[in-house]
Amino acid sequence: MNFSRLSTRLGLAAALTLGATLPAFAAPVTYVLDGTHTAVSFSYRHVGLSTQTSRFNNATGTIVLDTAAKTGKVNITVDTRSVNTGLESFNGHIQAKDFLDTAAYPTATFVSDKVVFDGERPVAIDGKLTIKGITQDVTVTIDDVVLADHPMAKKPALGAAGSVKLTRSEFDMGKFVPVNSDEVTLRVTLEAIQQ
């Protein structure tokens, strides 16, 4: 009997058996935000009469998603100087020191390494939001997510939307509270394409 050959066969069989019992390695996919189809908006109650909604025109970032392992990472930067209220003079008002103070803080960021899944679907993102140099822990609730091939880019793509309620005074933007609401709803609607 050839013990060397038998040993090799037993080792190979053991390796194959062990491999069959181990979970498959998941494959994280990195998506890059499509700035032309990404909107970061915010809304608040104005003098108790109406809900006003404005947006930021420029946002960049990446989303890493591993649907098999049910993990993810998010890194988004918003150019706060791109605020768009629909009126040029009011854009300047929002960028002033009492509010966004874009001269000192031209960007806001959201960074996360925890995407929460419910079954196969991402439902929330726990992360850190930084505005005016102040960082708060927040949870973004995801209410829409689509993974599909982009018909024009011919690559895998991600579409998603989510929101979070903020207390603006916690970010040193409390001027005119409570005449204008302290609570602000921040909403992100985005498309991102595989890198």
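Along the sequence shown, residues carry numbers from 1. All figures in this text were calculated on a predicted structure; none of them were measured in a lab.
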Asp182 side chain to Ser169 main-chain N or O, any donor-acceptor pair under 3.5 Å?
-> yes
Say whether Thr51 and Arg45, considering side chains only, have a donor N or O and an acceptor N or O under 3.5 Å apart.
-> yes
Asn180 side chain reached by Val47 side chain, heavy atoms, under 4.5 Å = yes
Are Leu166 and Tyr105 linked, directly or through other ILVMFWY residues, by side chains that come within less than 4.5 angstrom of each other?
-> no
Straight-line distance of Lys114 NZ to Thr71 OG1, nearest 0.5 Å = 12.5 Å
Here the gap from Asp98 atom CG to Lys175 atom NZ, rounded to the nearest 0.5 Å, amounts to 4.0 Å
Derivation of the side-chain contact (heavy atoms from CB on, under 4.5 Å) call for Thr77 and Phe110 = CA-CA 7 Å; Thr77 298; Phe110 176 71; over 6 Å; no
Angle class for the Phe90/His93 ring planes (parallel below 30°, perpendicular above 60°, tilted otherwise)?
-> parallel
Side chain proximity check, Ile142 to Ile125, heavy atoms < 4.5 angstrom | yes
Using a 4.5 Å cut-off on heavy atoms from C-beta on, say whether the side chain of Val138 contacts that of Lys128.
-> no
Within residues 139-149 or reaching into it, pairs that qualify as side-chain hydrogen bond (donor to acceptor under 3.5 Å, both in side chains) - sequence neighbours excluded | Asp126-Thr139, Asp143-Arg187
Carefully, step by step, assess Ile63 and Leu33 under the rule side-chain contact (heavy atoms from CB on, under 4.5 Å).
-> CA-CA 8 Å; Ile63 299 169; Leu33 256 62; 4.1 Å; yes
Quick one: are Thr85 and Ile94 in side-chain contact, heavy atoms under 4.5 Å?
-> yes
Does the pair Leu147 and Thr67 meet the rule for a side-chain contact (heavy atoms from CB on, under 4.5 Å), with working shown?
-> CA-CA 10 Å; Leu147 292 168; Thr67 55; 3.8 Å; yes
Least distance between heavy atoms, Gly127 atom then Ser112 atom = CA-CB, 3.8 Å
Ignoring hydrogens and angles, tell me if any N or O in the side chain of Asn75 forms a donor-acceptor pair with the backbone of Val111 under 3.5 Å.
-> no
Is the backbone of Pro106 close enough, under 3.5 Å, to the side chain of Thr80 for a donor and an acceptor to pair up by distance?
-> yes
Are any non-hydrogen side-chain atoms of Gln52 and Ser54 less than 4.5 angstrom apart?
-> no
For the pair Thr135 and Thr130, evaluate side chain to side chain donor-acceptor pair (under 3.5 Å) and give the outcome as yes or no after the intermediate values.
-> CA-CA 4 Å; Thr135 301; Thr130 302; 2.7 Å; yes
Shortest non-hydrogen contact from Ala59 to Val78?
-> CB-CG2, 4.2 Å
Would you mind reporting whether Val145 and Arg121 have side-chain heavy atoms less than 4.5 Å apart?
-> yes
Would you say the side chain of Val140 lies within less than 4.5 Å of the side chain of Val188, judging by non-hydrogen atoms?
-> no
Should the ring pair Phe176 and Phe99 be called parallel, tilted or perpendicular, given that the plane angle runs from 0 to 90° and is split at 30 and 60?
-> tilted
For the atom pair CG (Asp34) and CD (Glu191), what is the distance rounded to the nearest 0.5 Å?
-> 6.0 Å
Does the Lys70 side chain pair with the main chain of Pro122, one donor and one acceptor, at a distance under 3.5 Å?
-> no
Distance, nearest 0.5 Å, that separates NZ of Lys155 from CD1 of Ile193 = 7.5 Å
Where is the tightest heavy-atom contact between Thr38 and Arg55, given as atom of each residue plus distance?
-> O-NH2, 3.7 Å
Shortest non-hydrogen pair, Tyr31 vs Leu65, comes out as CE1-CB, 4.2 Å
Ile134, Leu129: one ILVMFWY side-chain cluster at the under-4.5 Å cut-off?
-> yes
Are Leu190 and Val29 grouped together when hydrophobic residues (ILVMFWY) are joined by side-chain heavy atoms under 4.5 angstrom apart?
-> yes
Taking atom OG of Ser82 and atom CG of Asn58, what is their separation to the nearest 0.5 Å?
-> 4.0 Å
Is the shortest side-chain N to carboxylate O distance from Asp172 to Lys132 below 4.0 Å?
-> yes
What closest approach, in Å, do Ile131 and Ala108 show between heavy atoms, and which atom pair accounts for it?
-> CG1-CB, 4.0 Å
Do Phe56 and Leu100 have side-chain heavy atoms sitting under 4.5 Å apart?
-> yes
Is it possible for you to say whether Phe42 and Leu87 belong to one hydrophobic cluster, with membership spreading through side-chain heavy-atom contacts below 4.5 Å?
-> yes
Assess the side chains of Thr185 and Glu183: does a donor N or O sit below 3.5 Å from an acceptor N or O?
-> no
Of all the heavy-atom pairs spanning Pro28 and Val64, show the shortest one and how long it is.
-> CB-CG1, 3.9 Å
Derivation of the side-chain contact (heavy atoms from CB on, under 4.5 Å) call for Lys165 and Val184 | CA-CA 6 Å; Lys165 292 186 184 300; Val184 174; over 6 Å; no
One should read off an interatomic distance between Thr62 OG1 and Ile76 CD1, to the nearest 0.5 angstrom, of 8.5 Å
